[in-house]
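A short write-up of the structure that comes next.
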Amino acid sequence: MKTILITGASAGIGKATAELLAQEKGTRLILTARREEKLKELAATLPCETHLLTFDIRDKAATLAAIRGLPDDWKDIDVLVNNAGLALGLESFDTANPEDWQVMIETNILGLLTLTREILPAMKARGVGHIVNLSSIAGTYHYAGAHVYGASKAFVTYLSLAMRSDLLGTAIRVTNIEPGMVDTEFSIVRFKGDESRADAVYANSEPLHAEDIAETIRWAIAQPAHVNINRIELMATCQAPSGPKVWRQE
Ligand code: NAP
């Protein structure tokens with residue numbers, strides 16, 4: 001039985017990944033997020049065993065307590081999908097809200113570090129494990145207003161590659177996923193509930209769908225044990241790496 005923990009499973013990429021991986025024979029899922037109801041609704045539709053953990057990944061004590069409190073038969077985690085994350089705001093650096101920076105750094109960087117540091121030693125001891133980190137093209141290509149969000153994702157990309165060095169000689173694999181724009185709750189969160197501003201991000205274009213990223217994750221973890229997919233950068237066909245520009249139908 002393969003146990004896969006997915007953070008941020010209540011929406012978007014995490015939810016689609018749970019839905020896809022739940023179909024694989026011999027898989028069971030630990031699903032985490034803050035919105036318990038969303039996790040319960042999702043779990044009720046999945047054709048596999050699930051264990052739900054509700055915690056805010058910014059809260060170090062709650063994160064550690066959730067992992068340490070796993071029942072003994074759920075402690076052996078084979079795959080960790082570090083997906084929970086967010087962008088807040090798109091203002092220029094000089095007018096951006098530093099409180100937004102704090103939330104992004106605590107979630108995208110510190111939350112990911114806390115969880116990974118807690119789970120990795122057991123993977124190493126068992127000689128089994130795959131860590132999949134959700135970074136972004138924003139970690140490579142900068143665009144106006146993405147300063148701290150992009151920097152947090154550059155951190156994730158660097159960390160994924162650096163961890164490969166630390167884990168050399170073990171069986172543990174690390175994969176960094178770097179999507180371009182994906183149509184999820186991401187922009188609604190970024191623009192703090194302003195749906196029309198969020199809709200404008202995807203207007204007259206076909207962005208990636210959460211299912212596209214789920215399929216990429218499924219493929220990366222399905223590779224034979226001697227193959228490590230270091231990083232995958234993927235974008236909608238209508239988006240280009242410079243800018244990143246989006247082509248919109250007239
Ligand atoms: P989404 O639809 O907004 O989903 C984000 C998930 O993260 C939700 O399940 C949310 O759950 C969880 N989350 C956020 N803050 C949390 C916290 N403090 N504690 C626990 N869980 C938290 O966004 P998405 O597009 O699927 O994003 C998933 C990942 O992909 C993120 O790391 C994002 O940066 C990355 N990404 C997205 C895009 C894009 O265009 N959409 C592109 C590149 C990379 P709760 O709210 O229930 O806690």
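All values reported here derive from a predicted model rather than from experimental measurement. Just so you know, ligand 1 is whichever comes first in the structure, and atom 1 is the first atom listed for that ligand.
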Query raised in the report: If Ile, Leu, Val, Met, Phe, Trp and Tyr residues are connected whenever their side-chain heavy atoms lie under 4.5 Å apart, and connections chain through other members, are L5 and V156 in the same group?
Result: yes
**Report entry** Flag side-chain contact, heavy atom, 4.5 Å: I229 against W219
**Finding:** yes
Query raised in the report: Is any side-chain heavy atom of E24 closer than 4.5 Å to a side-chain heavy atom of K2?
Result: no
Query raised in the report: When clusters are formed by joining ILVMFWY residues with side-chain heavy atoms under 4.5 Å apart, either directly or through shared neighbours, do I213 and L20 land in the same one?
Result: no
Enumerate the pairs of nitrogen or oxygen atoms, one from ligand 1 and one from the protein, separated by less than 3.5 angstrom; state names and distance to 0.1 Å.
unit_1, atom_1, unit_2, atom_2, d
ligand 1, 2 (O), E185, N, 3.1
ligand 1, 9 (O), G8, O, 3.0
ligand 1, 9 (O), S10, N, 3.3
ligand 1, 9 (O), S10, OG, 2.8
ligand 1, 9 (O), A11, N, 3.4
ligand 1, 11 (O), S10, OG, 2.9
ligand 1, 15 (N), R34, NH2, 3.2
ligand 1, 18 (N), D56, OD1, 2.8
ligand 1, 19 (N), I57, N, 2.9
ligand 1, 25 (O), T184, OG1, 2.6
ligand 1, 26 (O), I13, N, 2.8
ligand 1, 32 (O), N83, O, 2.8
ligand 1, 32 (O), K153, NZ, 2.9
ligand 1, 34 (O), Y149, OH, 2.7
ligand 1, 34 (O), K153, NZ, 3.1
ligand 1, 40 (O), V182, N, 2.8
ligand 1, 40 (O), V182, O, 3.4
ligand 1, 41 (N), V182, O, 3.1
ligand 1, 41 (N), T184, OG1, 3.3
ligand 1, 46 (O), R34, NH2, 3.0
ligand 1, 46 (O), R35, NE, 3.2
ligand 1, 46 (O), R35, NH2, 3.4
ligand 1, 47 (O), S10, OG, 2.7
ligand 1, 47 (O), R34, N, 3.4
ligand 1, 47 (O), R35, N, 3.0
ligand 1, 47 (O), R35, NE, 2.8
ligand 1, 48 (O), R34, N, 2.8
ligand 1, 48 (O), R34, NE, 2.7
ligand 1, 48 (O), R34, NH2, 3.4

Query raised in the report: Is it true that atom CZ of R117 has more than 12 heavy atoms of other residues, nucleotides or ligands lying nearer than 6.0 Å?
Result: no
Could you list the donor-acceptor pairs under 3.5 angstrom formed between side-chain atoms of residues 73-88 and any protein atom two or more places apart in sequence or on another chain?
unit_1, atom_1, unit_2, atom_2, d
K75, NZ, R68, O, 2.9
K75, NZ, L70, O, 2.8
D78, OD1, R126, NH2, 3.0
D78, OD2, T3, N, 2.7
N82, ND2, T116, OG1, 2.9
N82, ND2, N133, OD1, 2.9
N83, ND2, T7, O, 3.0
N83, ND2, G8, O, 3.1

